[in-house]
Visitor: 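Structure below; questions to follow.
Please read all numbers here as calculations on a predicted model, not as lab measurements.
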Amino acid sequence: MSGHPSVLPDYLTPPQKRRVIPLRKIVVSLFVAAALVAAYLWVEHLTYTEAAEDSRAEGYVVVTSRSTVHYASDPLPADISEEDYAAFWAEPALNTPEALALLDVINEGWKARLQEDVKHMGYNVDQIVDPAKRANAQAAVDEIAELVSHGTVQGAKSAVYDDLAQLSRKTCHRWDTDDVSYQANGHPIRNWTTTQPQILSLLGSEDSTRQATSLVAKVYPAAFEAALPRFCKLPIPPESSHPGDMNLLFSVTHEADMLLESLETHPNAAGQLTAEDYEAFWNSPVMTSPEVQAYLDRVGEKAVIDHRGTAAYRQKRETDQIVDPGVREHAQQYTDWVLDEAAKDNGRRLAVGMVYEDLVGYWDAACTGEPDRWLHPSPVKRNIWNSRLEPEFSTAYMSSAWSGRDAEWSEDTFELALEFYPEAYEAGLDSYCE
């Protein structure tokens, strides 16, 4: 026999025993791997959640503090020019010793409220973990504290102006009949024992409210008479004896008044951005581009057309149904005057306001909203794969690109808006949030 081992063909070779891994070990290995992945994801989730909460808390403190400072210190109300505002405060009725004392009382009352705001904001700052975000939020709160130390007399003046404006406008179309009686010539006589000026609700303590109430009784009657011609654009209409006339007058003039308010109110009236940042945003390359300027022209022109269409509808349904000729004429004249105001710049003020309001909605959602709640409607959501905040540009959040009277125009305008809204969003985001 040969000494060489015999080699059998493969098909005759008995199969080698394979190593069998126990099922228990497989299960344990899979469990360990799953546990490691879950632990990693949990740590990532905690890290990302903490960062998100920090960003939201920082945004809330910064945005709220900026608006608070704006409301308390802004020297110019939203609906009046500097010249007209100066003329308003030059009225003798607003420069009496009692009027100046009233401003002082309001100022002190606001200081107390601002001090409470500082405490409240301080609590929010303490919840922020990230040192840089906490420092930025604290700097915003410090601006309120600095305002308290320097006084808020401009805010007090603005509060008195807003109060007198509201009390006057309620009489321009005979809206207020509870606290006001009207003479034969339409001149309003306000009952100051039943009138509750809004300014009295701004004061923090009972003592300051009591002082202000006493001073308002001395200052407001003459100040109201001086302010009235500044806010009523037309002579006050006569009172109709026909049932329903005054309700129709209210409906027509209220609709016109809302349009007038959107024309006269500055888009940044709430202090969403600082005055410098607001100007810088509208002077940025994207907002000064020919495409955006053409878009504003398109939106403004359509807004005027739509408002005229609404007015024509109301003309038939409401204005023409007013029986008293003097009341009907007042409703028509006021509507025409407001529409002419809107058309003076071809609706540019309306367009700017709509675009800016859209963008503020996106910025605020990114800075102070809850983008992680997927069931919560929000124009900004967080991408779960990279944690980035991503705006959703749709007609649900872009009012400037929508017309309830023209679907085809809305579709075409939405496509035009998509060409610059993303870049405009990025252009103002940091200024709003930081």
Visitor: How far does OG1 of Thr64 sit from NE2 of His120, to the nearest 0.5 angstrom?
Guide: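 Answer rounded to 0.5 Å: 7.5 Å.
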Visitor: Hey, mind stepping through Trp282 and Met287 against side-chain contact (heavy atoms from CB on, under 4.5 Å) and telling me if it holds?
Guide: CA-CA 5 Å; Trp282 283 104; Met287 301 311 292; 3.3 Å; yes
Visitor: Please work out which of the three classes, parallel, tilted or perpendicular, describes the rings of Trp363 and Tyr432, given edges at 30° and 60°.
Guide: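 Plane angle between 30° and 60°, so tilted.
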Visitor: Are side-chain N/O atoms of Asp358 and Tyr397 paired as donor and acceptor at under 3.5 Å?
Guide: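 No, no side-chain donor-acceptor contact under 3.5 Å.
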Visitor: Are any of the side-chain nitrogens in Arg349 or Asp345 under 4.0 Å away from the carboxylate oxygens of its partner?
Guide: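 Yes.
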Visitor: Assess, by modelled atom type and distance only, whether the side chains of Thr68 and Asp117 contain a donor and an acceptor separated by less than 3.5 Å.
Guide: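 Not at all, the side chains of Thr68 and Asp117 share no donor-acceptor pair under 3.5 Å.
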Visitor: Less than 4.0 Å between a side-chain N and a carboxylate O, is that true for Arg134 and Asp130?
Guide: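 A salt bridge is absent here (no side-chain N lies under 4.0 Å from a carboxylate O).
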Visitor: If you measure from CD on Gln321 to CD on Gln315, what distance do you get to the nearest 0.5 Å?
Guide: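 The distance works out to 10.0 Å.
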Visitor: With distance as the sole test, does Asp277 use its side chain to make a donor-acceptor pair with the main-chain N or O of Leu273 at under 3.5 Å?
Guide: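 Absent.
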Visitor: Answer yes or no: are there more than 12 heavy-atom neighbours, outside Arg317 itself, under 6.0 Å from its atom CZ?
Guide: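 Counting other residues, nucleotides and ligands, CZ of Arg317 stays at 12 neighbours or fewer.
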Visitor: What distance do Ile236 atom CD1 and His187 atom NE2 have between them, rounded to the nearest 0.5 Å?
Guide: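 Reported value, rounded in 0.5 Å steps: 7.5 Å.
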Visitor: Surrounding CD of Glu264 (heavy atoms of other residues, nucleotides or ligands, distance under 6.0 Å), is the total greater than 12?
Guide: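 For Glu264, atom CD is crowded (more than 12 foreign heavy atoms under 6.0 Å).
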Visitor: Does the side chain of Asp412 reach to within under 4.5 Å of the side chain of Glu415, using non-hydrogen atoms?
Guide: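 Sidechains of Glu415 and Asp412: no contact.
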Visitor: Which atom names give the shortest non-hydrogen contact between Met246 and Ser240, and what distance separates them?
Guide: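 So the two residues come closest at SD-N, 3.6 Å.
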Visitor: Applying side-chain contact (heavy atoms from CB on, under 4.5 Å), run through Thr319 and Leu248 and close with a yes or a no.
Guide: CA-CA 7 Å; Thr319 307; Leu248 289 170; over 6 Å; no
Visitor: Is it true that Asp179 and Lys170 make a salt bridge, defined as a side-chain N closer than 4.0 Å to a carboxylate O?
Guide: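 Salt bridge flag = no for Lys170 with Asp179.
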Visitor: Can you tell if the side chain of Glu390 reaches within under 4.5 Å of the side chain of Lys381, non-hydrogen atoms only?
Guide: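 Not in contact.
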Visitor: Looking only at heavy atoms, what is the nearest atom pair of Thr171 and Cys232, with distance?
Guide: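 Heavy atoms only, the tightest pair is OG1-SG, 4.3 Å.
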Visitor: Closer than 4.0 angstrom, basic N to acidic O: yes or no for Asp257 and Lys233?
Guide: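 Not counted as a salt bridge, because no side-chain N and carboxylate O are separated by less than 4.0 Å.
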Visitor: Nearest 0.5 angstrom please: Glu276 CD to Ser431 OG, how far?
Guide: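 Nearest 0.5 Å value for the CD-OG distance: 11.0 Å.
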Visitor: Ile199 versus Tyr220: any side-chain heavy-atom pair under 4.5 Å?
Guide: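 Answer yes - side chains close enough.
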Visitor: Taking all non-hydrogen atoms of both residues, which atom of Gln127 and which atom of Asp54 are closest, and how far apart?
Guide: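 Smallest interatomic distance, heavy atoms only, reads O-OD1, 4.0 Å.
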Visitor: Measuring from His307:NE2 to Leu263:CG, what's the distance to the nearest 0.5 Å?
Guide: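 Nearest 0.5 Å value for the NE2-CG distance: 7.5 Å.
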Visitor: Is a side-chain N or O of Thr194 found less than 3.5 angstrom from the main chain of Asn191, in a donor-acceptor match?
Guide: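 It does hold such a pair.
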Visitor: Give the ring-plane orientation class for Trp175 versus His254, where under 30° counts as parallel, over 60° as perpendicular and anything between as tilted.
Guide: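 Answer is tilted, since the angle falls between 30° and 60°.
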Visitor: Might you point out which heavy atoms bring Ala366 and Leu389 nearest each other, and give the distance in Å?
Guide: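 Smallest heavy-atom distance, with atoms named: O-CD1, 3.5 Å.
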Visitor: Are the side chains of Val62 and Arg66 in touch, meaning some heavy atoms are under 4.5 Å apart?
Guide: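 Answer yes - side chains close enough.
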Visitor: Assess the residue pair Asp163 and Val216 against the criterion (side-chain contact (heavy atoms from CB on, under 4.5 Å)); give the C-alpha distance rounded to whole Å, side-chain angles, the decisive distance to 0.1 Å, and a yes or no.
Guide: CA-CA 11 Å; Asp163 215 6; Val216 161; over 6 Å; no
Visitor: Keeping Thr265 on the side-chain end and Ser262 on the backbone end, is there a donor-acceptor pair under 3.5 Å?
Guide: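 Judged by distance alone, no pair lies under 3.5 Å.
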Visitor: Using 30° and 60° as the class boundaries, would you call the ring planes of Tyr421 and Phe393 parallel, tilted or perpendicular?
Guide: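 Rings of Tyr421 and Phe393: perpendicular, as their planes differ by over 60°.
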Visitor: Within the structure provided, determine whether Val355 and Val299 are in side-chain contact (heavy-atom separation under 4.5 Å).
Guide: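 Contact flag for Val355/Val299 side chains = no.
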Visitor: Could you please spell out the steps behind the side chain to side chain donor-acceptor pair (under 3.5 Å) verdict for Asp162 and Gln166?
Guide: CA-CA 6 Å; Asp162 289 340; Gln166 182 185 45; over 6 Å; no
Visitor: Do Arg113 and Glu116 sit within salt-bridge range, that is, some charged N less than 4.0 Å from a carboxylate O?
Guide: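 Not counted as a salt bridge, because no side-chain N and carboxylate O are separated by less than 4.0 Å.
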Visitor: Backbone N or O of Glu392 within a donor-acceptor pair of the Tyr362 side chain at under 3.5 Å?
Guide: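 Present.
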Visitor: Minimum heavy-atom separation for Met398 to Ala417, with atom names?
Guide: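 Heavy atoms only, the tightest pair is CE-CB, 3.4 Å.
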Visitor: Looking at Phe414 versus Trp402, is the centre-to-centre ring distance below 6.0 Å?
Guide: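 No, the ring centres sit 6.0 Å or more apart.
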Visitor: So, for Asp176 and Val180, which heavy atoms are closest and what is the spacing to 0.1 Å?
Guide: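 Minimum heavy-atom contact is O-CB, 3.6 Å.
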Visitor: With a 6.0 Å cut-off (strictly less than), is the heavy-atom count around CD of Gln293, excluding the residue itself, greater than 12?
Guide: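 Above 12, so yes.
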Visitor: Please check this pair: side chain of His330 against backbone of Pro235, looking for a donor-acceptor N/O pair closer than 3.5 Å.
Guide: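 A pair under 3.5 Å: yes.
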Visitor: Under a 3.5 Å cutoff, is there a donor and acceptor pairing between the side chains of Asn95 and Glu91?
Guide: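 The answer is no; no qualifying pair exists.
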Visitor: Ser400 versus Tyr295: any side-chain heavy-atom pair under 4.5 Å?
Guide: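 In contact.
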Visitor: Go through the structure and list residues passing side chain to side chain contact (heavy atoms under 4.5 Å, CB included) with Ile80, not counting sequence neighbours.
Guide: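 Residues passing side chain to side chain contact (heavy atoms under 4.5 Å, CB included) with Ile80: Leu76, Pro77, Asp84, Tyr85, Tyr161.
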Visitor: Would Phe281 and Leu359 count as a side-chain contact (heavy atoms from CB on, under 4.5 Å) if you check the C-alpha gap in whole Å, the side-chain angles of each, and the deciding distance to 0.1 Å?
Guide: CA-CA 11 Å; Phe281 170 74; Leu359 293 170; 3.5 Å; yes
Visitor: I want to check something: taking the side chain as every heavy atom from C-beta on, are Arg298 and Trp409 in contact at a cut-off of under 4.5 Å?
Guide: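 Side-chain contact under 4.5 Å: yes.
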Visitor: With a 4.5 Å heavy-atom cut-off, do Leu100 and Leu94 have their side chains touching?
Guide: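 SC-SC contact between Leu100 and Leu94 ruled out.
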Visitor: Rounded to the nearest 0.5 Å, what separation is found between the OH atom of Tyr182 and the CD atom of Glu239?
Guide: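 Answer rounded to 0.5 Å: 9.0 Å.
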Visitor: Is there a side chain to side chain donor-acceptor pair (under 3.5 Å) between Tyr60 and Asn124? Walk through the geometry before answering.
Guide: CA-CA 9 Å; Tyr60 170 77; Asn124 286 277; 5.1 Å; no
Visitor: Please tell me whether Glu434 and Asn136 have a donor and an acceptor in their side chains that are separated by less than 3.5 angstrom.
Guide: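 Note: Glu434 and Asn136 side chains miss the donor-acceptor criterion.
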Visitor: Return yes when atom CD of Glu423 has more than 12 non-hydrogen atoms of other residues, nucleotides or ligands closer than 6.0 Å, and no otherwise.
Guide: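 Counting neighbours around CD of Glu423, 12 or fewer heavy atoms of other residues, nucleotides or ligands fall under 6.0 Å, so no.
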Visitor: Hey, does the Lys NZ or Arg CZ of Arg230 hover above the aromatic six-ring of Phe88, less than 6.0 Å from the centre and inside 45° of the axis?
Guide: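 Arg230 over Phe88 ring: no.
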Visitor: Inspect the contact between Glu255 and Arg314 and indicate whether a charged nitrogen and a carboxylate oxygen are less than 4.0 angstrom apart.
Guide: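 The answer is yes: the pair qualifies as a salt bridge.
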Visitor: Begin from the C-alpha positions of Thr368 and Arg56 and carry the test side chain to side chain donor-acceptor pair (under 3.5 Å) through to its verdict.
Guide: CA-CA 5 Å; Thr368 68; Arg56 184 157 56 245; over 6 Å; no
Visitor: Taking it one step at a time, do Tyr334 and His173 satisfy ring-ring contact (aromatic ring centres under 6.0 Å, His included)?
Guide: CA-CA 10 Å; Tyr334 189 66; His173 314 292; 4.3 Å; yes
Visitor: With a 3.5 Å distance limit and no angle check, can you tell me whether Ser201 reaches the backbone of Gln198 through a side-chain donor-acceptor pair?
Guide: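 Indeed, once roles are kept as given, a pair shorter than 3.5 Å links the two residues.
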